[in-house]
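These numbers come from a predicted model, not from an experiment.
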Amino acid sequence: MEGKITGTGKRIMTMMLSVIMVTGIFAGMKLEVRAAKTYSFDLSDPGGFMFALQNTYYSDDTLFFTGFSQPPAGDSYSYIVRWDYIYNSKRVGSSITTCGENLSNVSITIPNDSQYDYAKLVDYTPPTVSQGPIQVVEFVFNIYYPFTPSQPTVTPPSQPTAAHSTESSAAPSHECSFQWVTTVEPQPGIDGLEEYKCMSCGMVKESQPIPASMAAVKNLYGFIKDAPENGNVTIDFGKLHTISDYLLNKMSERSDVTVTISFEYYSAQYEITFPSGTDYSTVLEDEDTMYGYFGVAARLGLTVEAK
């Protein structure tokens with residue numbers, strides 16, 4: 001009887017250990033599931049948008065944007081998100097999410113969908129001052145689905161000879177390791193290029209432009225900082241027709257420097273000059289953080305001239 005009881009006990013113990021092992025395996029698998037992350041970006045600082053562009057996002061990640069200005073009396077800012085669905089480097093569809101109107105902050109959650117790989121923020125249209133009673137403030141995300149390479153044509157190998165064997169002449173196989181790399185640096189007026197590329201074989205899985213505005217903002221800041229005393233800085237902002245408190249503050253710190261900015265607006269070329277000695281307090285002490293050049297000119301008593 002004791003032998004039977006002992007044998008039964010061993011079988012029960014073995015079953016329990018098996019259950020514990022299986023449970024542990026599944027628990028370990030669950031622990032490997034990526035937890036959703038929360039990101040915060042202050043868009044009153046141009047660096048905030050640049051950081052948001054550089055990240056890669058996944059299902060249920062949340063992006064929290066702050067630094068929005070309130071519209072002038074009688075105007076309205078409508079915040080939306082456009083999701084572009086990318087398959088094999090081509091846009092195959094889009095959808096729109098409405099966030100609300102006249103918000104002081106915007107929270108965007110990446111959709112939960114196990115079928116796609118990841119998401120990237122690729123564009124942002126900020127509100128501007130005095131550009132119309134209703135403005136759409138748009139965030140644009142690309143949702144990337146798994147890459148499906150076309151099947152290569154298979155050519156039967158030739159018969160090996162004494163001098164050459166198929167084993168030695170065949171190209172070594174590898175598992176691709178993809179990373180986002182900048183292949184073309186952005187220049188003022190010219191977008192750069194970022195590619196999701198295999199570091200071993202160079203195959204490009206996805207690519208996306210780097211907005212030229214990133215280069216323009218960095219360049220202007222550098223030009224102002226490094227300008228000689230009582231110097232002049234001239235820069236072409238291309239189609240970027242807004243300026244932030246961040247840059248205006250940098251210009252106020254070097255009020256001895258005259259800054260001239262060229263830009264394109266509705267296919268027309270314009271130019272605005274911020275003379276040395278300009279008092280920027282009017283725009284730095286209000287609640288707005290982003291301005292159109294026509295709006296900032298009106299507030300500072302400057303003139304936008306057609307070229």
Side-chain angles (χ1 to χ4, degrees), residues 43-50 67-78 102 123-138 186-191 211-307:
L43 294 186
S44 63
D45 180 349
F49 178 56
M50 294 168 64
F68 297 104
S69 59
Q70 291 299 302
D75 289 3
S76 177
Y77 295 160
S78 179
N102 302 339
D123 201 4
Y124 163 63
T125 305
T128 56
V129 176
S130 302
Q131 300 290 350
I134 301 178
Q135 295 185 51
V136 176
V137 181
E138 183 181 53
Q187 302 293 328
I190 304 175
D191 287 346
S213 58
M214 294 175 64
V217 170
K218 290 171 63 178
N219 284 350
L220 180 56
Y221 169 68
F223 294 158
I224 294 171
K225 180 172 66 71
D226 299 332
E229 186 176 357
N230 300 317
N232 294 275
V233 169
T234 300
I235 190 169
D236 186 350
F237 262 26
K239 295 184 179 180
L240 180 63
H241 52 265
T242 59
I243 191 167
S244 68
D245 270 356
Y246 175 83
L247 284 178
L248 292 170
N249 184 57
K250 295 303 178 184
M251 292 160 65
S252 73
E253 293 175 355
R254 289 296 311 273
S255 59
D256 62 300
V257 176
T258 295
V259 179
T260 300
I261 299 176
S262 300
F263 64 96
E264 178 181 335
Y265 187 63
Y266 283 105
S267 300
Q269 301 295 322
Y270 296 92
E271 184 177 88
I272 181 174
T273 297
F274 299 83
S276 61
T278 297
D279 181 4
Y280 295 91
S281 59
T282 303
V283 291
L284 295 178
E285 295 173 1
D286 63 11
E287 295 183 354
D288 295 316
T289 59
M290 192 75 69
Y291 306 86
Y293 288 116
F294 295 95
V296 76
R299 296 199 179 193
L300 297 179
L302 305 178
T303 302
V304 176
E305 298 180 352
K307 296 179 64 177

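Closest approach of V304 and Y293 over heavy atoms only: CG2-O, 3.7 Å. Shortest non-hydrogen contact noted between V257 and A227 is CG2-CB, 3.9 Å. The shortest heavy-atom contact between I224 and R254 is O-NH1, 3.2 Å. The nearest pair of heavy atoms linking K307 to Y270 is CD-O, 3.5 Å. Across every non-hydrogen atom of A297 and I272, the tightest pair is CB-CD1, 3.9 Å. The heavy-atom pair separating Y280 from M251 by the smallest distance is OH-CE, 3.5 Å.
In this structure, T234 OG1 and L220 CG are separated by 10.5 Å, a value rounded to the nearest 0.5 Å. Between atom OG1 of residue T278 and atom CG of residue L248 there is a gap of 10.5 Å, rounded to the nearest 0.5 Å.
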Apply side chain to side chain contact (heavy atoms under 4.5 Å, CB included) to S76 and N102, showing your working.
CA-CA 6 Å; S76 177; N102 302 339; 3.8 Å; yes

Take I243 and F263 through the side chain to side chain contact (heavy atoms under 4.5 Å, CB included) test and state the conclusion after the steps.
CA-CA 11 Å; I243 191 167; F263 64 96; over 6 Å; no

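The closest donor-acceptor contact from the side chain of T258 to the backbone of S276 lies under 3.5 Å.
Taking E138 as the reference, R82 meet the salt bridge (charged side-chain N to carboxylate O under 4.0 Å, His left out) condition, with sequence neighbours excluded.
Aromatic rings of F294 and Y265 (six-membered ring for Trp) have centroids within the 6.0 Å cut-off, being under it.
Partner of S281 under the side chain to side chain contact (heavy atoms under 4.5 Å, CB included) criterion, out of L284, D279, V283: D279 alone.
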